[in-house]
**Student:** 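Before we start, here is the structure in question, set down as structure tokens.
Treat the numbers as computed from the prediction; the structure is a model and nothing was measured.
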Amino acid sequence: MEYWKWLGMVVVALIMLGGGWRTEGCLEEERLALFQLKPFFPSIDSRIDGSRLGYYSMMDYLVEENETSSDCCEWEKVKCSSITGRVNHLFLNLTYTVTFDDLVYPNYRTRGNNKYWYLNTSLFLPFKELQSLSLRENSIAGFVDNQGFERLSSKLNKLEILDLSNNYFNDSILTSLSELSSLKSLNLAVNNFIGSNLTDAGLKRLSKLKNLEILDLSGHNYIGNISSQLNDFSSLKSLRLQDCGLVGSIDMLEFNSFINLKELYLGSNEIESLGFSFYDKEQLWLNKLEVLGLSGNLLDSSVFSSLAPLSNLKFLYLNYNNLKGTIHVKDLNAFNYLEELSLSENEVTEFVPSQGLRLMNLTVLELDDNLFKNTILSSLGRLSNLKTLSFGSNLEGTIDIKELDGLSNLEVLDIRCYYSDVGCNLCLQSLDLFPSLKTLSLYGFNFNDSHSQTKLDGLSNLENLDIRCYNSGCNFRLQLLDLFPSLKTLFLYGVNFNDTHSQTNSLNNLEHLRISCKSDFSCNIWLQILDLIPSLKTLSLEGFNFNYSHSQIKWKILTNLEELELWDSSLPLNFIGELPSLKILNVIGCEVNDSLFMNDPLELKNLEFMNIEDTSLENNFLHKIGAMPSIKRLSLMGCGLNGTLHTQGFCGLTNLRDLVMTNNNLEGTLPECFSNFTSLESLDLSYNQLCGNVSALKTLASLRELSLSNNYFQIPSSLGPFFNLSKLKHFDADNNTIYIESEMQPLVPRFQLNRISLSSCGDVGQFPHFLFHQHELRQVYLSNNNFREGFPNWLLNNNANLERLVLANNSLQGHFELPFLPHTDLSYLDVSENSFYSNLPIDIGEKLPSLLFLNMSKNQFHGSIPPSIGDMNFLEALDLSNNQLSDRLPEHLTMGCFSLTSLSLSNNKLQGQMFSSNVNLIKLQELHLDGNHFSGKIPDSLSNCSFLSTLDLSNNVLSGEIPRWMENMSSLSTLDLSNNELSGDIPRWMGSMSSLEEIVMANNHLEGPFPKEFCHLNHLKLLDLSVNNISGSLPSCFSPLWISQVHLSRNKLEGPLKNAFRNSTILVTLDLSNNHLTGKIPNWFGNLSQLSYLLLNNNHFEGGIPVQLCTLGHLSLIDLSNNNLSGTIPPCLKITTLNEISQEYVRYVTDIAQAPNSFSIDEPVEFTVKSMSYSYKGIVLTYLSGIDLSCNKLTGEIPSEVNNLRNIYALNLSHNNLIGLIPLAFSNLKQIESLDLSHNNLSGKIPPQLVGLYRLSYFSVAYNNLSGSTPAWTAQFATFDESSYVGNPLLCGEPLKDCLTSGPSASLLPKASPENGLIDMISFYVTFVVSYVMAILSIACVLYINPYWRQAWFYYVGAISNCCYYFLKTIFCLKGSTVEICKPM
């Protein structure tokens, strides 16, 4: 034994001697290698203390960083062997950070927001003992030439763990990885595998990794058959295939070749059922499986019996599935060894039988957010080994926790009572049953136990308590806290503290306290409670009104308080007092009564971080904080600070490193004392009203980030004042004014920027000269400046690391010329809305191979789309819309750009067949090909794009029927096929596409009935089927709850409306015009409270105008013309315009359907104005308001109550039977532009006050019974000719005949009674009788005087009598009548 001991010591000594020369514990060779990695992983040498300053810290992202140590083994992302000192673990995931000396802000970027880059794996060769390497989420796309992982196989023969997840590796990496024979764990989740090699050589080459035990291929949701390609991986113990596109039924025998498999994760797929195609216990190797993850699928309760062969399962996760109703415990009891079971987020109601559960090894059971009732407790009482239990959400009444008396080992208990209006009741004494309990969460309970002061020895170990109330009757007695003497963390939400005499004496150990009210300013707190918590380190209070408290907090007692948060509360004068240990202060969304602090700010002398947001501060606030010299970070966002920056006090904050004063109302120039902030590293003054020059900042030598956006600064284009700021890396000054100096700055700036943003800075005219001297730029934003130059390819030539270049709307012109050499780092390019006039560069794909985002829309590019774009394998968004591109769509684009998620080629001149039969756009989510000349049928190759959410093929020449494969587009939410030549019936199967939110198929040749299956489209928000041949009636069941726009005009719909749209209460636009609808306008229209545009014209509606329309407060347009409506016009009818409605309603309307074109005011509405029909859309429609009731059978007088119409734009009441006078109140319609009252029976004078309608451009009162003089021929009325008044013989004056020469004036005519208008009916009757008698007498006199006429008269009378006689005889006798004339003579 002694021999082996000495031998071991010798071996260790030899290893240490052979380790080479070491510098402070780190091998110099490896230290140098780490610094070679630093340009690619910038924070590799950081030394971070990850401990938080507070448990509920709002500054979770703020961590302390010490100076970089020379010993690389002390670096946070490096671990070394304790024996040899060599590096054996490298954690290089998410290493891109912005450092500020002692502060580090990790940039947790989502995959795809960064540039791609290529890794040189030979940089890892010096780490000969490397066992674990994590390169997670670094946007690595591959390797430099011949420098793949195969280079490491000979030297890094100890590498066992490799994490390459969340990068952009493609299939080619699989061959390189196959040489790392020592690998035991490989994570390839969320990369760019497209599956082309996976089924052939790719994964099978990985089978050379004979030691591989853990493999993660999650996030490749287009290679769902991957499990069948892993047959040779017999060494695997853990396999993750989450979010891999697995759908339908899965045969578990597919995994039977993994004879050592213990863990299988299949979550986040669409698996509906699991099972075994046949079951042979002796041949089932999968029965070794211990962990099965099935969360986030579509499995039902039959899954338990299906998994019965897996009897050795210890961990089963079935949360977020379709488990419903009862679960038979006999199916669960088959899993004897089960230790963890998660069934949360399902709809399970009970276990049957309730007391039959026998999972005696179970330690963790998660049942929360199901539909269990109180009886669930009886099912759980026998699980004696349970340590973690969560259940509830549908509980009610009193919860008898004693039924869980067998759970003596319980450490974590979570009970939820969400759905009870009055909450659940719980006796806290019953919790004494759980002596091991450490964490307790109670949601939705009432605590009214009068015996709650009894000490519970069983809860002496409780450390974490979370109580949340969701009803108004939830009162909490502070004495209850005495039951938990060991509490360290307490969170109380929504409780009421109404007992001001309550006391508690057992919170000596409490370190973290958070109390939140569920509504703003509604809770009071007995402040003395804080006096009893001397050990408190973090305190968070939300939603309190401290103005009504009758006591003050004794801040001095809280000597250990390091972090204080105040959210949405009302704070009295001088609320915050002496807190000597306070380091972090957050005040967010509070109301402050005058001053926030006590009189002496020195009481917060150790405060380092102060963050105040959306809280109004007094004007002298900046005076006081000068007495807090230790402040390093000061953030005052949206605090209502106005006037000039006060120099007293504020200028004394010389230790400031980070200053944020954005979104205030600060005015004036920058004070010169800014030059005192020599330690300042980050300054944000954006969104104020500051002006003048920026010379006060020229001495801030430590400044790294500067944001001056959205002010009124005058900034020279040379950035001369910042020339000496050598550390400046980020400069943002959007929406200021950049001017060109009269004399160019001859010096070269000392700074080398990484980011520059100077968008919307006026008519600059040329690119700033300092940009020619920048060589480290990564992000450049220079939009909306009118540079009027060519494309700055020199920016790409000078900045090899440039990642983002945005030059939109700059009047750039000429040819679009790329740099001579390829630029592999550029990932984002936007040159939209310029005036480039050329062909797209044919080699654009070769020159910019790493682009993620390319926007060249709204230019004048012409010619064909270059096939080289297909070489951009990483491209995710391509927008070439609104150009003049022609020819066909290159097949290489649709095959090579397999990473595309958004493709927009709208409004060009592309033609021919839309796609060939070869399409590899398997990730595509948005496709916009509208406004081209594509012809033929909708290509079947689009069926491969199974993740499409938006498909816009409108305004082409597509023909044929809508293809059936669209039914399988489960993610499709927006479909626009309008303005094509599509034919056939509207597909009934479209009703099963449950994700559809917008259907636009207007102006085609679609026909057939309106599909009743559309009643199942519960998420529909926009439907436009106008200008087709749809027939039949609208089904009564069609009433989507979320629909906001319906356009069905110009079809052949018929029948009454019945109940269609009755429940669509957020409907904004309803256009059913130009159909054959009949019946009455339904009264329930009054329930459509958000309706703004109602168009029912050109139908066959009858009856009266429903008075219920008067209840619609947002109506802007009503068109009921060309129907058979009768009755009077409701005087309560009101109208408005969308632009005058409250902003809350406008936001509501805009957010109704947050789809790509939600509340599409872009959908046109046709309305007749000035005797012509126009289509209105866009912003114009928001200003349009009008009523058109023309061409009906309306009677009665025009209502004089026009106050509700004061902003109306057009009013048409023509072609009705209206009588009475034109209301004088029409003169108050100051916004009206079109007024048509023609073809009625109106009488009386035209009110002369109408000449005050200065906006009126169309006016007609033709064909009425109006009299008197026309309105003065002035202003707008001077533009109306005789056609506006024709058909009123008693009218005179310009432009008609002069009143003096056109017969008797109106004053000489008989006066009209109010009832009968102008004509005196008594005089009318007298003159009519006299005239009738005179006519008869005249005829008699003529016949008496002239015998020839008399003879002729009697001759014609006799002839007519004979004709009538024989005519009547013929008619009656043919019918067999026996009247006298039918008898024989």
Side-chain angles (χ1 to χ4, degrees), residues 4-50 65-95 97 119-138 140 143-144 147-165 167 176-187 209-214:
W4 291 109
K5 182 177 180 180
W6 280 104
L7 181 60
M9 294 177 62
V10 170
V11 171
V12 171
L14 290 174
I15 292 175
M16 296 182 67
L17 289 173
W21 181 51
R22 302 193 19 214
T23 303
E24 294 185 298
C26 182
L27 289 179
E28 182 67 14
E29 176 191 12
E30 294 186 335
R31 182 173 179 273
L32 294 175
L34 289 171
F35 277 110
Q36 283 186 309
L37 289 170
K38 184 174 173 61
F40 309 100
F41 309 100
S43 66
I44 191 174
D45 58 341
S46 63
R47 204 177 81 183
I48 302 174
D49 177 11
E65 181 197 58
N66 302 316
E67 289 187 14
T68 300
S69 171
S70 58
D71 183 1
C72 61
C73 293
E74 294 185 4
W75 297 353
E76 181 70 15
K77 299 182 181 299
V78 180
K79 300 298 179 186
C80 299
S81 169
S82 59
I83 299 176
T84 64
R86 297 189 71 97
V87 173
N88 54 14
H89 298 281
L90 283 176
F91 306 98
L92 303 181
N93 49 307
L94 289 168
T95 58
T97 59
L119 178 67
N120 183 352
T121 58
S122 62
L123 296 174
F124 295 100
L125 287 174
F127 309 109
K128 298 178 181 179
E129 294 189 10
L130 193 63
Q131 298 175 18
S132 175
L133 174 61
S134 176
L135 300 175
R136 176 185 177 89
E137 206 161 345
N138 276 297
I140 306 172
F143 312 111
V144 297
Q147 299 295 331
F149 281 112
E150 65 274 5
R151 288 289 310 275
L152 306 180
S153 59
S154 59
K155 297 291 183 69
L156 273 62
N157 52 18
K158 295 184 179 181
L159 186 63
E160 296 181 350
I161 301 174
L162 180 60
D163 186 350
L164 302 176
S165 60
N167 283 288
S176 175
L177 291 171
S178 65
E179 303 298 326
L180 300 177
S181 58
S182 59
L183 274 186
K184 292 185 178 180
S185 175
L186 177 60
N187 190 345
L209 304 178
K210 299 299 183 182
N211 297 310
L212 195 64
E213 298 179 356
I214 301 174

**Student:** How long is the straight-line distance from CD of E30 back to CZ of R86, given to the nearest 0.5 Å?
**Tutor:**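 One finds 4.5 Å between CZ of R86 and CD of E30.
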
**Student:** Evaluate the side-chain proximity of Q131 to K184: yes if any heavy-atom separation is below 4.5 Å, no if none is.
**Tutor:**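 Contact flag for K184/Q131 side chains = no.
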
**Student:** Can you tell if the side chain of D163 reaches within under 4.5 Å of the side chain of N93, non-hydrogen atoms only?
**Tutor:**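 They are not in contact (no side-chain heavy atoms under 4.5 Å apart), so the answer is no.
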
**Student:** Just wondering, do N211 and L183 contact through their side chains at under 4.5 Å, heavy atoms?
**Tutor:**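 L183 does not reach N211 side chain to side chain.
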
**Student:** Does some side-chain heavy atom of L180 sit less than 4.5 Å from a side-chain heavy atom of L186?
**Tutor:**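 No. Closest side-chain heavy atoms not under 4.5 Å.
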
**Student:** Can you see whether T84 engages E129 through a side-chain donor-acceptor pair at a distance of less than 3.5 angstrom?
**Tutor:**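 Result is yes, a qualifying pair exists.
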
**Student:** S181: what forms a side chain to side chain contact (heavy atoms under 4.5 Å, CB included) with it, not counting sequence neighbours?
**Tutor:**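 By the side chain to side chain contact (heavy atoms under 4.5 Å, CB included) rule, S181 matches no residue at all.
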
**Student:** If you look at every heavy atom in L209 and S178, which pair is closest and at what distance?
**Tutor:**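 Looking at all heavy atoms of both residues, the closest pair is CD2-O, 3.6 Å.
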
**Student:** Assess, by modelled atom type and distance only, whether the side chains of R136 and S165 contain a donor and an acceptor separated by less than 3.5 Å.
**Tutor:**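 There is such a pair (donor and acceptor under 3.5 Å, judged by atom type) between the side chains of R136 and S165.
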
**Student:** The criterion is side chain to side chain contact (heavy atoms under 4.5 Å, CB included); which residues satisfy it with I161, sequence neighbours excluded?
**Tutor:**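 Scan of I161 (side chain to side chain contact (heavy atoms under 4.5 Å, CB included), adjacent residues dropped) gives S132, S185.
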
**Student:** Test F40 against L119 for side-chain contact (heavy atoms from CB on, under 4.5 Å), laying out the working first.
**Tutor:** CA-CA 9 Å; F40 309 100; L119 178 67; 5.9 Å; no

**Student:** Any side-chain heavy atom of L162 sitting closer than 4.5 Å to one from L177?
**Tutor:**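 Counting from C-beta outward, L162 and L177 do come under 4.5 Å.
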
**Student:** What distance separates K77 NZ from L37 CG, expressed to the nearest 0.5 Å?
**Tutor:**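 Rounded to the nearest 0.5 Å, the NZ-CG separation comes to 13.0 Å.
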
**Student:** Considering non-hydrogen atoms only, spot the tightest contact between C73 and G85 and give its length.
**Tutor:**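 Taking C73 first and G85 second, the nearest heavy atoms are SG-O, 3.7 Å.
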
**Student:** Which pair of heavy atoms, one from N167 and one from L135, lies closest together, and at what distance?
**Tutor:**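 Scanning both residues, the minimum pair turns out to be ND2-O, 3.0 Å.
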
**Student:** Can you tell me if N138 uses its side chain to pair, donor with acceptor, with the backbone of I140 under 3.5 Å?
**Tutor:**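 No: the side chain of N138 does not pair with the backbone of I140.
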
**Student:** Who are the side chain to side chain donor-acceptor pair (under 3.5 Å) partners of E160, not counting sequence neighbours?
**Tutor:**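 Side chain to side chain donor-acceptor pair (under 3.5 Å) list for E160, sorted by chain: empty.
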
**Student:** Does S176 have any side chain to side chain donor-acceptor pair (under 3.5 Å) partners at least two apart in sequence or in another chain, and if so, which?
**Tutor:**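 Only E150 meet the side chain to side chain donor-acceptor pair (under 3.5 Å) criterion with S176.
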
**Student:** Could you list the residues that satisfy side chain to side chain contact (heavy atoms under 4.5 Å, CB included) with K210, not counting sequence neighbours?
**Tutor:**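 Partners of K210 by the side chain to side chain contact (heavy atoms under 4.5 Å, CB included) criterion come out as none, since no residue qualifies.
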
**Student:** Does L90 have any side chain to side chain contact (heavy atoms under 4.5 Å, CB included) partners at least two apart in sequence or in another chain, and if so, which?
**Tutor:**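 Partners of L90 by the side chain to side chain contact (heavy atoms under 4.5 Å, CB included) criterion, ordered by chain and then number, come out as L34, V78, V87, L92, F124, F127, L130, L133.
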
**Student:** Counting N and O atoms only, with roles assigned by atom type, does the side chain of S182 sit under 3.5 Å from a partner on the main chain of L159, one being a donor and the other an acceptor?
**Tutor:**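 Yes.
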
